[in-house]
Structure formats: C-alpha cells, structure tokens
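For reference, the structure is listed below as structure tokens.
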Amino acid sequence: MASPARIEVDKLSVEQLKALKEQTDLEVNLLQDSLTKIRTAATRLENATAALHELSLRPHGKKLLVPLTASLYVPGTLDDAEKVLVDVGTGYFIEKTMTQGKEYCERKINLLKSNFDELLEMATKKKSIADEMGMLLQAKLRQASASPSS
C-alpha cells in the first residue's frame, strides 16, 4: 500500500514536492501542539485528583484558601469534604461525591492518555513521511543542479 504513494511522490515536480513537504511539516507541528495541550490537560487532571485526595484527608471546619483564579485565593472553611464541584467544561459544574469526582478525573486522564498515544503514533508517522520527502527533495535538487542543461 505504501509503494503506490511512494511512486507518485517520486513523480512529483520539485515545486509540488516542496509544497507537500511544507503541508506535512505543518501537520506535524499541529499534532505536536495537540500533544502538548493533551499533556497539559492530563497534568491538570492529575493535580486535581491529588487535590481531591488531600481535601478528603482534611477535617470538617478546617480553614483553607480557596482558589478563584490562578492567582486569586480567598479564605474559606471546609464544610463538607464529601461533596465536590467538578468542572465539566465551558463553565459548567456538576456536584459529585468525592469518590465520583476522583473517578471522573481518572476516566478523563485515561481518555487523554489514549488520545495522546494515538496522536503520538500519527505524529511519528507524519514526521517520518516529512523526513522522507525532505531527502527526496534534496536528491531532486542535487540532481537538478548536477545537470542544469540536459
């Protein structure tokens, strides 16, 4: 199956090959950006799971700082550590038990890891294709410069 695509790539002109390589490089960069975003999201969920665990160990009535934003915290008191609000995206929160909150985070982490693995495989294949195209392009350019007038 790879052979017919390879034969077609060999028949492309230098300009077409350059354009195809640029497109493939762009796709590789987009996939790498997606991988970075997935890794960041997984890290946030792992931090949330750890925070839920720490919260479950605190006694009722314990004073703590509640984050409103990444840099703004307000003092608060722990009323009920068994119920938590889970951010499910786009500003929506669902009240869940501590166990359900942990399970939600674990499911999301597993989903992200699965997506990460799939994207990593795709990015590796695209990078390999881009590298092959780069070598083919260099060979064609050397061939063209070796025989300027045929």
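The residues of the chain are indexed from 1 along the displayed sequence. All values below come from the heavy atoms of this structure, side chains included, with hydrogens, waters and symmetry mates left out.
Counting heavy-atom neighbours within 6.0 Å of D79 CG, excluding the residue itself, gives a total of 12 or less.
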**OP:** In sequence, state the C-alpha distance, the side-chain angles, and the governing distance for N29 and Q32, and then conclude on side-chain contact (heavy atoms from CB on, under 4.5 Å).
**Re:** CA-CA 5 Å; N29 288 338; Q32 288 174 338; 3.7 Å; yes
**OP:** Quick one: do K102 and E106 satisfy salt bridge (charged side-chain N to carboxylate O under 4.0 Å, His left out)? Show the steps, please.
**Re:** CA-CA 6 Å; K102 289 177 184 177; E106 290 301 320; over 6 Å; no
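For the side chain to side chain contact (heavy atoms under 4.5 Å, CB included) criterion with K127, the lone passing option out of V28, T24, L31 is V28.
Residue H53 holds its NE2 atom at 13.5 Å from SG of C105, rounded to the nearest 0.5 Å. Rounding to the nearest 0.5 Å gives a distance of 8.0 Å between OG1 of T36 and CZ of F116. In this structure, Q100 CD and K83 NZ are separated by 10.5 Å, a value rounded to the nearest 0.5 Å. Atom CG in L78 sits 7.0 Å away from atom NE2 in H60 (nearest 0.5 Å).
T43 places a side-chain N or O within 3.5 Å of a backbone atom of R39 that can act as its donor or acceptor partner. Checking side-chain atoms of S145 against main-chain N and O of L141 turns up a donor-acceptor pair under 3.5 Å.
Pairing each heavy atom of T97 with each of V84, the nearest pair is O-CG2, 3.9 Å. Contact between Y104 and D87 at its shortest, heavy atoms only, is OH-O, 3.9 Å.
Between K18 and E22, no side-chain nitrogen of the basic residue sits less than 4.0 Å from a carboxylate oxygen of the acidic one, so the salt-bridge criterion is not met.
Linking Ile, Leu, Val, Met, Phe, Trp and Tyr whenever their side-chain heavy atoms come within less than 4.5 Å puts L52 and I94 in one cluster.
Judged as a side-chain contact (heavy atoms from CB on, under 4.5 Å), and not counting sequence neighbours, the contacts of A42 are L112.
The shortest side-chain heavy-atom distance between L64 and L55 falls under the 4.5 Å cut-off. Side-chain contact between D25 and K21 is present, with heavy atoms from C-beta onward closer than 4.5 Å.
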